[in-house]
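Counting starts at 1 for both ligands and their atoms, in listed order. Note that the coordinates shown come from a computational prediction; the quantities given were computed from them, not determined experimentally.
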Amino acid sequence: MYKNVIVKTPGESYMNGLTTSDLGSPDYEKLLEQHNAYLEALKKCGVSITLLPASEEFPDSTFVEDTAVLTPEFAVISNPGAASRNKEKKEIKSVLNRFYDKFHYIKSPGTLDGGDVLQVDDHFYIGISDRTNEEGARQLKGIVESEGYKGTIVPLQKFFHLKTGISYLGNNVIVTAGEFIDHSDFQQYKKITVAPEEEYSANCIRVNNYVIIPKGYKDTIHQINEAGYETIELEMSEFQKHDGGLSCLSLRF
Ligand code: GLY
């Protein structure tokens, strides 16, 4: 069960943020509406919300997940791999001081984005991507192993972040898309397989009694419901335009 989430209002500078997509320019009003709906969904899940104000200095900083990796016992402050995002970690550290006594840090030349880290019970899967390098992944594996968890490093082929293509719903069930469907590292789990045309829905989040999932992905939603989970669907178009998914918008702990 999660008790807390940290989220951050997107600023107007979001328009100038990083993206690899060709889905067009975000509409700021719509973006705020979608972010508000995300907050409402989290409230329905019963978590306490720490909402940070927008930072115009950091256009991508609404994607707070990339700045830390959190467990019940300790926090790891990441070292975000995009230069324009790296200093986002400072604000998150000061906020996490309210919740944690024990910190670890990913240090340069290691880089790591939280979006490349999937926790499945006591096992952390750590992607190597354009944002997380081998050194950063190796550091995180060492940290989690020193704390009694398992760590597996997963070099990515195509996905932006590890969690762009895989989510964990609890009860040994994962949602997988693309390169992860037949990936040898995930064979031991029960799988919900996302159709190629619904790939964006592979990034969904289990928060207590609900799975929050992007709106409109009927086949994935049907499979998740059939597996026994209640879903909350959210419009995510303006975040998708900047490579963002549901997990990226919060730190959950
Ligand atoms: N636009 C999200 C990111 O590039 O990290």
Quiz item: Any N/O of D66 closer than 3.5 Å to an N/O of ligand 1?
Solution: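 In fact, backbone or side chain, D66 has no N or O that close.
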
| query | Which part of L18 is near ligand 1, with near meaning a heavy atom under 4.0 Å away: side chain, backbone, both or neither? | reply |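 Both of them.
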
Practice prompt. Please work out whether any backbone atom (N, CA, C, O) or any side-chain heavy atom from C-beta onward of F160 is under 4.0 Å from ligand 1, and answer side chain, backbone, both or neither.
Written response: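 Side chain only.
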
*Test of ring centre spacing under 6.0 Å for Y14 and Y28*: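 No: the rings miss the under 6.0 Å criterion.
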
inquiry  = Suppose we measure from atom 4 (O) of ligand 1 to each protein heavy atom; which comes out shortest, and what is that distance?
reply    =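 Protein heavy atom at minimum distance: R131 NH2, 2.7 Å.
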
Quiz item: Just which atoms of ligand 1 are under 4.0 Å from any heavy atom in H242?
Solution: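 Going through ligand 1 atom by atom, the ones under 4.0 Å from H242 are 1 (N), 2 (C).
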
Q: Pull out every atom of ligand 1 sitting under 4.0 Å from any heavy atom of F63, numbered as shown with elements.
A: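 What qualifies from ligand 1 is 1 (N), 2 (C).
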
* Determine whether more than 12 heavy atoms belonging to other residues, nucleotides or ligands lie under 6.0 Å from atom CD of Q119. =>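 Yes, CD of Q119 has more than 12 neighbouring heavy atoms, counting only those of other groups under 6.0 Å.
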
Could you check whether any heavy atom of D60 sits closer than 4.0 Å to an atom of ligand 1, since that is the contact criterion I want to use?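 The answer is yes, since D60 has a heavy atom less than 4.0 Å from ligand 1.
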
message: Does the plane of the ring in F63 sit parallel, tilted or perpendicular to the ring in F239? Use 30° and 60° as the thresholds.
response: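 Perpendicular, since the angle between the ring planes exceeds 60°.
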
Q: Anything under 30° is parallel, anything over 60° is perpendicular, the rest tilted; go ahead and classify Y125 against H123.
A: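 Parallel: the ring planes of Y125 and H123 meet at under 30°.
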
With sequence neighbours left out, what residues match K191 under salt bridge (Lys or Arg N to Asp or Glu O under 4.0 Å)?
->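 By the salt bridge (Lys or Arg N to Asp or Glu O under 4.0 Å) rule, K191 matches no residue at all.
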
Requested in this report: Measure from NZ or CZ of K93 to the centre of the six-membered ring of F103, then state whether that distance is under 6.0 Å and the direction lies within 45° of the axis.
Outcome: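 Relative to the ring axis of F103, which defines the angle, K93 lies inside both limits.
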
